[in-house]
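Take a look at the structure below.
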Amino acid sequence: MVNNETMIKTARDNAVGIITLNRPEVLNALNIKMVAEIVFALERFDRDETVKVMVIQGAGRAFAAGADIDEMLDKGSIDLELHNQFTDWDRIAKIKKPIIGALHGFVLGGGFELALSCDILLAGQNTEFGFPEVGLGIMPGAGGTQRLTKLIGHQRAMKWLLTGARFSAAEAMNCGIVSSVFPDELLKEETKKMARAIAEKPALSVRLIKESVHKANELSLFEGMQQERKNFYLLFSSEDQKEGMRAFKERRKADFKGR
Ligand code: CO8
């Protein structure tokens, strides 16, 4: 397959697939081509059996300062409808393996929406979050109003979305947007540690836990629990379930095969 990446960089750290947003001169502003490259790279890692976990991070001063305003400036509604760029964004939700977002600098607008499409978010202490769209006469379009509201509730989502104000990593932690905040210089190392720890776990458990947690956002409690139960039963057909439980009884480290 031809590798046409120009706005991102991809790399491997053993079983961890790393995607680095790489337009630092515009604070990783996301244009249509860049989003397509990100989605393509995520799908490639998702298909690769040697990759267990993915990380998205930003090069330079920001994770991403939003969608590319230069690209949107002269667009009309019909251009947007015909181009239908959000079908690419929708594909992120279909990725089966966990995605960790390592956030630093600015996480704004579409950059914040990309972060909210990840499964676990870690942030450097000086990260600034926000949805500045309202000040540009637009609004979030890649899930921001929906995902933020589900995550932090009506009141705080309204506050941040309607004021467009930027808020700190401490505030993001307080709202439950990120799972941990680290000194900026430790963010990469801590992200690696978490990615490696998840990569060592049996891949099918990881995959079905991710799927079940996402269902909690989409289904009723009853339906979600039915789904959880099916996944629970399914894991008892895996070699890793037998191996994990035997290894526990034999007091040795499990040798998981990912099936
Ligand atoms: N788009 C295009 N260029 C940008 C963007 C952006 N979002 N953000 C920064 N840049 C560029 C600047 O224009 C500047 O370029 P140049 O050097 O050529 O002038 C360069 O990056 C550095 O930026 P600044 O000089 O402004 O750096 P500062 O440290 O002074 O300020 C800020 C940093 C506060 C982050 C500031 O750059 C800023 O406010 N940026 C815009 C933030 C914003 O409004 N983001 C929301 C965009 S709208 C959006 O995301 C809609 C999402 C819709 C769905 C997703 C579709 C893909």
Side-chain angles (χ1 to χ4, degrees), residues 4-9 19-43 56-95 99 101-118 121 123-152 157-169 171-172 177-178 184 187:
N4 286 323
E5 290 158 7
T6 57
M7 299 184 187
I8 63 168
K9 277 189 188 157
I19 296 172
T20 305
L21 312 182
N22 195 33
R23 296 181 79 205
E25 66 286 0
V26 286
L27 304 180
N28 298 321
L30 298 162
N31 62 25
I32 289 173
K33 182 169 187 305
M34 187 174 179
V35 172
E37 288 181 10
I38 295 165
V39 175
F40 183 80
L42 287 170
E43 289 176 339
I56 305 182
Q57 60 188 15
R61 284 202 291 136
F63 175 75
D68 189 333
I69 295 172
D70 294 331
E71 190 182 61
M72 291 185 292
L73 194 63
D74 297 322
K75 286 261 164 76
S77 308
I78 303 302
D79 300 322
L80 296 178
E81 169 62 24
L82 291 177
H83 204 103
N84 201 13
Q85 62 176 302
F86 294 117
T87 51
D88 276 344
W89 286 80
D90 291 343
R91 282 156 55 198
I92 302 176
K94 298 208 167 74
I95 299 292
I99 308 171
L103 310 178
H104 81 286
F106 297 104
V107 181
L108 303 177
F112 199 167
E113 291 177 304
L114 177 63
L116 291 175
S117 304
C118 298
L121 294 179
Q125 65 188 358
N126 291 311
T127 311
E128 290 186 43
F129 296 79
F131 278 107
E133 283 89 336
V134 65
L136 297 169
I138 59 166
M139 62 180 283
T145 61
Q146 304 305 296
R147 290 206 171 96
L148 189 72
T149 307
K150 281 186 195 290
L151 195 57
I152 69 176
M158 281 289 189
K159 177 171 75 172
W160 300 127
L161 289 161
L162 293 181
T163 64
R166 295 209 294 266
F167 57 96
S168 68
E171 186 83 50
I177 293 171
V178 299
D184 291 331
L187 177 67

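Read the numbers this way: they start at 1 and go in the same order the structure lists the ligands and their atoms.
Under the rule for a side-chain contact (heavy atoms from CB on, under 4.5 Å), the partners of T145 that lie at least two apart in sequence or sit in another chain are M139, P140, L161.
Using bins of under 30°, 30° to 60° and over 60° for the plane-to-plane angle, the ring pair F167/W160 lands in the parallel bin.
The nearest pair of heavy atoms linking L103 to L187 is O-CD2, 3.2 Å.
Shown here is K94, whose NZ atom has no more than 12 heavy atoms of other residues, nucleotides or ligands within 6.0 Å. Heavy-atom contacts from other residues, nucleotides or ligands closer than 6.0 Å to CD of Q146 number 12 or fewer.
Around ligand 1, the residues contributing at least one heavy atom under 4.0 Å from the ligand are E25, V26, L27, A29, R61, A65, G66, A67, D68, I69, M72, Q85, F86, W89, F106, L108, G109, G110, E113, P132, E133, L136, I138, G141, A142, R166.
Here the rule is side-chain contact (heavy atoms from CB on, under 4.5 Å) with N28, and of M7, R23, Q57 only R23 fits it.
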